[in-house]
Amino acid sequence: MKTQTPAAPPAVQTRRLWLLLTAAGLLLSLMSGTGAGAQAVPGVHGVSAASGTSAASGTSRASGTEASPERQQMLGHDQRIILIDAGHGGIDGGTSHGPILEKDITLAISRRLFLLLRSDGFDAILNRTGDYAPSDENRWLRSSSRHMKDLAQRKELAETLPANVVVSIHINWAPSPAKQGPLVLYRQEGRSFLLAKSIQDQLNQLYGVKTAPRTGKPFYLLNKITATTVIVEAGFISSPSDRSRLCSPKGQEEIAEAIAVGIAAYLMEV
């Protein structure tokens, strides 16, 4: 007797529809070369990501020029999707120092990272291109928790694309202003560790430190996303020296460059 596969519940169908629409919009931005590169970075020195340059750093490698096939192969480019997760956004400002908000710094660095990866021929996608929370786009999860809707939207987008690598950009904070430097968190899994170490090594060179990446057991994205995932804490907003780097166009470009090189080095290994 011929059997029929039961239809997915309405809630599941709704979730898939919203996620597919979100992914389609991001992919259209990817293919057109716009999206992240077409808007101004809010909140942090009024930097424009459209040109891929900054007044402090001069001409950037993220000029929009595509890398040669030889360079793409050298960097490990083989149609693997890299999802850049810009932490926080909208009502969720993240950590702060006076008027300086984490959400603005993470978006500025993430946009620059997007442009750098795209200029080297990688299939990079940015999950937040403006000052809004991904929870605003989550119409499928029946939860009263905005935070849970935000995390679930980020996770489900990674699964829907599907992403091969997810790099979530955040900024750290500590009670003591002496605490400084970058930190990359990974889950206890080989590929995640390799990616974290590769990015950490590049950021260590930039900051002049010798920090080792650490496991991030409690974090939702590390535990729930199937793809190789890391969380990059790009520096401490509570540290005067880190804050100066995090808030300057030149510093943001240098951080994005270090992360991009770390991602490329990892892809060459795997």
Side-chain angles (χ1 to χ4, degrees), residues 81-89 92-96 101-114 116-117 124-128 133-135 147-148 150-159 161-174 179-204 206-207 209 211-239 242 245-246 252 255-267 270:
I81 295 176
I82 303 166
L83 177 61
I84 305 165
D85 174 58
H88 306 281
D92 179 8
T95 191
S96 64
L101 301 178
E102 178 182 3
K103 67 175 183 178
D104 295 325
I105 301 174
T106 59
L107 182 59
I109 293 173
S110 295
R111 279 177 165 169
R112 293 175 184 277
L113 176 58
F114 169 85
L116 288 166
L117 291 171
I125 294 179
L126 181 58
N127 72 346
R128 179 168 73 85
S135 57
H147 183 60
M148 183 53 64
D150 185 275
L151 293 173
Q153 182 73 4
R154 294 174 192 266
K155 180 258 183 185
E156 289 298 327
L157 178 59
E159 304 296 343
L161 286 171
N164 302 96
V165 169
V166 178
V167 178
S168 184
I169 308 298
H170 287 265
I171 308 301
N172 227 332
W173 180 91
K179 189 76 171 178
Q180 60 184 6
L183 176 64
V184 185
L185 303 172
Y186 63 94
R187 65 167 170 252
Q188 290 185 313
E189 180 268 328
R191 288 176 181 258
S192 180
F193 169 75
L194 289 175
L195 176 58
K197 186 177 186 306
S198 186
I199 295 174
Q200 184 77 64
D201 287 347
Q202 295 300 320
L203 288 171
N204 283 352
L206 175 62
Y207 278 81
V209 297
T211 305
R214 301 177 190 172
T215 57
K217 291 182 181 179
F219 294 101
Y220 181 95
L221 295 183
L222 290 179
N223 292 328
K224 299 296 184 179
I225 294 179
T226 304
T228 302
T229 304
V230 297
I231 296 174
V232 177
E233 298 281 1
F236 282 82
I237 200 171
S238 48
S239 160
D242 281 10
R245 188 191 302 272
L246 292 166
Q252 293 164 5
I255 292 169
E257 177 84 21
I259 297 171
V261 172
I263 293 172
Y266 161 78
L267 291 175
V270 299

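Along the sequence shown, the residues carry numbers beginning at 1.
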Is a donor on one side and an acceptor on the other found under 3.5 Å between the side chain of [X] and the backbone of [Y]?
X: Arg128; Y: Gly87; value: yes
X: Gln200; Y: Val184; value: yes
X: Thr106; Y: His170; value: no
X: Arg154; Y: Ala86; value: yes
X: Asn164; Y: Ile81; value: yes
X: Glu159; Y: Thr226; value: yes
X: Glu233; Y: Leu183; value: no
X: Asn223; Y: Lys217; value: yes
X: Ser198; Y: Ala265; value: no
X: Ser238; Y: Trp173; value: no

Holding to side-chain hydrogen bond (donor to acceptor under 3.5 Å, both in side chains), I want the full list of residues that pass it with [X], two or more places apart in sequence or in another chain.
X: Gln202; result: none
X: Ser96; result: none
X: Lys155; result: none
X: Ser239; result: Ser241

Over all atoms of both residues, closest heavy-atom pair of [X] and [Y]:
X: Ile169; Y: Ser110; result: CG1-OG, 3.4 Å
X: Ala124; Y: Ile84; result: CB-CD1, 4.4 Å
X: Leu222; Y: Gly216; result: CD1-O, 3.3 Å
X: Leu126; Y: Arg111; result: CD2-CG, 3.8 Å
X: Arg191; Y: Val270; result: NH1-CB, 3.7 Å
X: Leu246; Y: Tyr207; result: CD2-OH, 4.1 Å

Spatial distance of atom [atom1] ([X]) from atom [atom2] ([Y]) [nearest 0.5 Å]:
X: Asp242; Y: Asn172; atom1: CG; atom2: CG; result: 9.0 Å
X: Asp92; Y: Lys103; atom1: CG; atom2: NZ; result: 8.5 Å
X: Leu195; Y: Glu189; atom1: CG; atom2: CD; result: 10.0 Å
X: Leu221; Y: Leu185; atom1: CG; atom2: CG; result: 11.5 Å
X: Ile125; Y: Leu161; atom1: CD1; atom2: CG; result: 4.5 Å
X: Ile171; Y: Ile109; atom1: CD1; atom2: CD1; result: 4.5 Å

Excluding sequence neighbours, so at least two apart, what forms side chain to side chain contact (heavy atoms under 4.5 Å, CB included) with Asp201? Lys197

Just do the side-chain contact (heavy atoms from CB on, under 4.5 Å) check on Leu151 and Lys224 with the steps written out, would you? CA-CA 10 Å; Leu151 293 173; Lys224 299 296 184 179; over 6 Å; no

Are [X] and [Y] packed together at the side-chain level, in the sense that at least one heavy-atom pair is separated by less than 4.5 angstrom?
X: Thr229; Y: Ser192; result: no
X: Ile225; Y: Leu83; result: no
X: Leu203; Y: Val232; result: yes

Sorted by chain and number, sequence neighbours left out, ring-ring contact (aromatic ring centres under 6.0 Å, His included) with Tyr186 holds for Phe193

Between Leu117 and Ile263, does a side-chain contact (heavy atoms from CB on, under 4.5 Å) hold up when you go through it step by step? CA-CA 9 Å; Leu117 291 171; Ile263 293 172; 4.1 Å; yes

